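Structure first, commentary second.
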Amino acid sequence: MEELALVEGRPAALAVYTGEAPGQEQPPVLGDLRVEGGALHFEPRFPFVAGLRYTASFELPGQPRLVRVFEVPGPRGDPPRVTAVFPSADTLPENTLRLYVHFSQPMEARDVARQVALFEAGGAEVALPFVEIEQGLWDANQTRLTLLFHPGRVKRGVGPGERLGAPLRAGTEYRLVVGSGLRNRLGQPLQAAFERRFQAGPADRASPRIEGLTFLAPRAGRNVLVAELPEPLDEALLRRLVWVEDDDGQRVAGEVQVAEGETLWRFRPARPWRPGAHVLRVHPALEDRAGNRFDRLFDRDLAALEAAPAREERPYSLPFRVPRQEELGPQGRPSNSRTWLSSSSSPTSRARPSGAQARPRTVKRLGSSSGRRRSSAGRARPSSHISPWRLPGAEPVASRSPSCDQARSWVSWTLALTSSGTGPPDGLTKRTPQFSET
Amino acid sequence: MRKPLAVLVLLALSVAAAATANSPADVRSMSALAFGPGGVLFVGDGKGGAVFAFELGDRQPREVKEPQEVTDVEGKLAALLGATAADVMVHDLAVDPISKDVYLAVSRGRAAWTDRWLLPNDVADASVLVRVDAAGRFSAVDLGARPFTRAALPNPVDPARTHEWKKGVSLRTEAITDLAFADGSLLVAGLSNEEFAATLWRVPYPFQGQAAITTLQSYHGAHGKYETAAPIRAFVSYPLKGRPHVLAAYLCTPLVTFSLADLQDRRQLRGRTVAEFGSGNYPLDMVVYRKDGREKLLIANSNLPLTIVDPRDIEAWAGEITSEVPGYTGGVRFEARSAGAVQQLDNLGEGHVLVLQRILSGRLDLVPMPVARF
C-alpha cells in the first residue's frame, strides 16, 4: 500500500471538497490517499458528515477532469427515540422534583432547553417549569436527561414559588414534549416529537420509611433479589444508592432493574450467589419522587422544628443469608416460596456490620398486593434498562484514533476511485476511472 | 580512512541526540501553541504530558503591510475538515514572528460542548494544526513530516482526577494551559500532582536535562482566598525593574507576578497579586504590544472587554492584594478597550495585534487590530 499525504495544499490527482460548488481558494478536505486493490482511495481525516454534500474531483495531466458530487448516507441505525420517562406512573405528586427522560442512543447536548417543554393538557405552556440549563443535565453517556423542576418553585415559602407558583398543580393534566429537533451524537434527529401525559396528584410530604421496605432474599444460583419499596422512589437514585454486599463487605456485581412504577428494585448477580451472609444496603439519601430522603424531608416547616434533624449518611443494613446447597429443599421449588424480609424497626439494625449477629426477621406479608409482587418477582420480565448503544454496520477507522476528537461520528467512509488490476497510481491513466463509494 | 569514518559516526550520533526520531511526533492534544527562538513552534500536549518543538521549515521573513481580515474562520476550517462550521473549534492561535503566517490548533468536537464554563480543551483534543497564510488560504500542516524534539513534563496531573466543578471533566485537560519562551527556557503553565496543583514548568530549550517544576499559590481578591489548585490561564514573561518576571492571569480574574529567579525546582512559590479585573471571567490570552515606544499588556477575556495594563504601574506599586476587593476589581490601574468576544490574540508584526473574534452574527473572524487603536 502506498500512502500519499494530502496536506498543505499540494496538488493531488484526487481531492474532495466540502460543498457542491467549491470556490477557487477552498482547500480540499483533509485526508489520506492510498492505492489499494487497484483503486485510489481517499480516506478523510474525520468522518464525512451525513447530510452534507461533498465534491470529489479527479484529474490527471492531459485528461478531462472527473467530478462527482456525493452525500454520505445517514447513520444506518435507527433514529434515536425516547425509551422511557421516569417517574413512570400516570399520576405524580404535584411536588415531583425531577423527571428523567431516557433515550435509545447517546444524544447531543446542545439545544436541550429549546427542545423540551411542559404544557397543560388544555394547551397552555407551563412557564419556566425546569431549572434552565442550556445544555441540559445529562448522565455520562448522554442517554439520560434529567429535568429538574425548579426547586425554588417546588419548595414552599421560597421567593420564586411565591411569585410564580408551583410548576404542577394537583388535578391538572400535563404533557411533557421532547421536540424532534433533539439529535443524537451523529446529528440524527428523533424519529418524531415525543409526548408523555401525566396527571398531577396530591403532594407527597412524607419521607419513605425503611421499615416499609421488604425484600425477597435469593436462595441460590443467580436468583434475583427483589426488594419491594415503601413507595415509588427516584429511579436514578435507586440504581446508585441501593446495593448488596457480601460477607467480606465487598459490593456484589450485578444488574439492577427498577420496575412496577419504581416500587420494585431487582438485582441479579453477575455470578452465582456465594452461600453465606449478605447485606442489602440502602443509603438514606435515596429519595422518593418529591425529593424526600429517608432521613429528611425535601421541604419542611422550619418554624415547627426545634432543630434540623441530623443528616444520616450511614446506610441502612438489611442482612440476609444465601443458604448452602444442602440447606435447600427439593429441586423445582417455586421461587415465591422464598421468604420476605424487612429491616427491624429497631435503630440498632442500622449500619450493622456485614455478617451481623442478628438473624433477619421473617415478615409475614398481608394484603392482596403481596401475591402480585411475589409472582412478578419470579417472572422473567423484559429488562427495562437501556442496552448499550452501538452504531450498526459501522466500523471505527482502524488507522486513526477517533477519540482524539470527539467528533460527531466514528464512521469510516472511504471514497475509492477504482480501476481494474493492481499497480502504482500511474496505472490509472490507462483505464477509465470511475468513482465508487465504499 | 579512519578519520572520515569517525566523523560519520559522530554525525550519526548527533542526529540521534537531536531526538528528532524517525517516527512522527505523537501529539495527543495540541493544548497550547507558542513560537520560540528562530521561529520554532512549541506545542504543549496536555494529554501526552509533554512539550514539542517543531521546525516548520518556513523561514521566509515577511513584513506585515496591510493585513486583511479573514472572515468566517470556522466556515473555512469546516471546509478543510469536511464538517459544518458549528462542529469545528479553535483551541489556540499563534502567529509565526518570521513568516507572519497564522497557526491554529483545531479540533472537530464542538458538538460535545455541554456547559458554558468549559474551555475548548475540556471539550475535545485539538489534533489538526492549520496554517493561514498572508492571502487567507487555509491548509493543514503535516506535523508528522516535520523534524521535532520533545520533552516530557515531570508529574503532570493524573488523568483520573476530575475537575471539582466541571462535571466529568478530567483535570488532565488543564495539564497545559499556556506556554511562553523566556530566558532560554520554555515556560509551561498548568496542573501537576504536587501539593499545590497550580504549576509552572521551566524546560530549558533546546530540550535537554530535566525540566524544573515550581508549584504556585496566589491570592484571588474577587473571592478573598489563597488558591493553589487554580491553574494560570494566560501569561507572558516580562521584565519588571529589569528582572524577568511571569505576569499571569487566573480565572475570576487576578493578575499575579512571579520572579523568574524564584522559579526553583521542586519549590512552592507565592506570587504577588497586583490587580483584579473582575469576577466570572476567564482570561483567555495575553500579549505585550508596543505603542509610541511604550510597552503594554493586552489581555483577551471570556466575559470582559480587552484589558490593558501598563507594566510600569506594576513596577511603581509596591503593594499586593491580600484581602477581598470590593466590586471584584482592585490593584493597579487597568483600562478597557472595546472589543468583545476576543478568544485569542497574538502580535502580528510591530503594528498590529491579530485577534480571533466572534462578531455579532456569530461568525468567527481573524481581525488585525492596529496597535494605534489601543
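Remember, it's a predicted structure, so these values are computed and weren't measured experimentally. Letters A, B, ... are given to chains in the order of the sequence lines, protein chains preceding strands, and every chain is numbered from 1.
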Look at the side chain of B/Lys167 and the backbone N and O of A/Trp138, then say whether any donor-acceptor pair between them is shorter than 3.5 Å.
yes
Please name the pair of heavy atoms, one in B/Leu80 and one in A/Pro27, separated by the smallest distance, quoted to 0.1 Å.
CD1-CB, 3.7 Å
Using a cut-off of under 4.5 Å for heavy-atom pairs, which of B/Ala78, B/Gly168, B/Gly82 has the most such pairs with chain A?
B/Gly82
Are there more than 12 heavy atoms of other residues, nucleotides or ligands under 6.0 Å from atom CZ of B/Arg62?
yes
Taking atom CZ as the centre, does B/Arg59 end up with more than 12 heavy-atom neighbours from other residues, nucleotides or ligands that are less than 6.0 angstrom away?
yes
Donor-acceptor contact below 3.5 Å, side chain A/Tyr17 vs main chain B/Ala79:
no
N/O donor-acceptor pair under 3.5 Å between B/Arg108 side chain and A/Pro47 backbone:
yes
Do other residues, nucleotides or ligands put more than 12 heavy atoms under 6.0 Å from B/Arg358 CZ?
yes
Taking B/Ala135, B/Ala86, B/Gly144 one by one, which has the highest count of heavy-atom pairs under 4.5 Å against chain A?
B/Ala86
Side chain to side chain contact (heavy atoms under 4.5 Å, CB included) between A/Phe46 and B/Val128: does it pass, once the steps are laid out?
CA-CA 10 Å; A/Phe46 297 97; B/Val128 181; 3.6 Å; yes
Nearest heavy-atom contact between A/Ala109 and B/Trp113 is CB-O, 4.0 Å
Considering all heavy atoms, the nearest B/Leu81-A/Val29 contact
C-CG1, 4.2 Å
CD on A/Gln26 to CZ on B/Arg137, rounded to 0.5 Å:
14.5 Å
